[in-house]
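Structure, as structure tokens:
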Amino acid sequence: MNLLDATHDPRLRSWVESANVPGGDFPIQNLPLARFRPAGGLLHAEEPLRVGVGIGDRVLDLKLGLQLCPWADEMYPLLDALASGDLAAFMAMGPRAWKLLRAGLSAALAEGSDQGPFLETCLLPRAQATFALPCRIGDYTDFYAGIHHAHAVGLQLRPDNPLLPNYKWVPIGYHGRASSIGLGGPVRRPCGQMRSASGTPRFGPSQRLDFELELGLWVGQANELGECVSIQAAEDHLFGMTLLNDWSARDIQAWEYLPLGPFLGKSFATSVSPWVVTMEALAPFRRPFARPADDPAPLPYLDGEFNRSHGALDIHLEVWLRTERMRQEGLAAMRISHSNALDAYWTAAQLLTHHTSNGCNLQVGDLLGTGTLSGPAAGQGGSLLELSHGGRQPLVLPGGEARSFLEDGDTVTLRASCQAPGAVRIGLGQVSGTIQPA
Ligand code: CA
């Protein structure tokens, strides 16, 4: 099956020069979407949100583009939906519309396009855009698909039996909190109830604040209540991906999580990157999905031919940390971890299919977190809990500081990119959050 078309051609270049710089996140082969308003200046203060396309270091304003540029007939309904300023209205139009938009934008932004002179006036520097969440998020579910994370955390809790017997059979997840999802920026240290040495729990600021390196999946097609989405149909329900940081207060979490799972240790904040990289843009980076030979095969409802041949995604992930003192001393952020989404135990399609397998209805704009994506080796933990071995081996930072968990003023940045032979590198951008005092 060939998932690639002219929009993935590595020879394709854009008339937006910054899109052709090798190593950039947003070449013309990517075309991620985000919701934004032009920033700065009193004139723009009341500007409504609109959807834009990331190209090089610019944002193409599709609301202006609809007004100022001629398009092929089939593009108008798509651009009308996007000009309403809500990505959900467009996602709801379905996979055929997603493909049409990508082809139309690729042609319009390609070198030599007749539309270039019109669209040139619709570009603004990315730094002059204020971003918003891509749409209203109705529901947010966080899974636990990173087996190396599950194993490392399990090892700290149950050294003899790190992986619970259900792990290799059922994609574990919990219902998260949609209202506290944001784009990063300041993140306040949460207060909560936690164990204390006296035996009586205490209430106060979390002392074991952590990040979790995850990917977020945007649901682009709804299913009716009672209707299960088969593994064969699941890909048509997935619109795209972002980076996701599932901030976690380990001390609050450790005290509250039995027997019903995560609650206030997680729900104070979740941060996502503003750009939605579409599943189509990720097509060159799909890989076969296979389990180790000794592991159980997924049950039939979680197993399909396409999922086996193309279900996994080769996405390189990174975590960067910069403390307040590093900022003051002019020290650059340090990369403290890296991993790859290929190590996930469940594919995006399996997560979506499993979520609907009881008839639960997903809605356009729902967000699914993959779970922490750690790698198998040292230095590939997707959380400080893993990297510092539960706080017993603090990370040493440039300037001599040490970190077991996050301190006030720490900035955590997640980044991701994809590379493959015969494809142009694309990136997911980044999401950054800085811890504020409780
Ligand atoms: Ca998580």
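Because only heavy atoms are used, hydrogens play no part in the values below, and waters and symmetry mates are left out as well, while side chains stay in. Atoms within a ligand are numbered from 1 in the order they appear, just like the ligands themselves.
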Item checked: side-chain hydrogen bond (donor to acceptor under 3.5 Å, both in side chains) partner of Arg415, the single match among Gln430, His338, His316 -> Gln430

Item checked: Within-4.5 Å side-chain heavy-atom neighbours: Leu33 and Val277 -> no

Margin query: Give me the number of protein N, O or S atoms whose distance to the Ca ion (ligand 1) is under 3.0 Å.
Written below: 4

Notebook entry, point to check: If only atom types and distance count, is the side chain of Arg189 paired as donor or acceptor with the main-chain N or O of Leu406 below 3.5 Å?
Noted result: yes

Check: Are Arg291 and Trp346 in a cation-pi contact, defined as NZ or CZ under 6.0 Å from the six-membered ring centre and within 45° of the axis?
Finding: yes

Next item on the list: May I ask you to decide if the ring planes of Tyr167 and Tyr144 are parallel, tilted or perpendicular, using 30° and 60° as cut-offs?
Entry: perpendicular

Notebook entry, point to check: Which word best sums up how the rings of Phe90 and Phe239 line up, parallel for under 30°, tilted for 30 to 60°, or perpendicular for over 60°?
Noted result: perpendicular

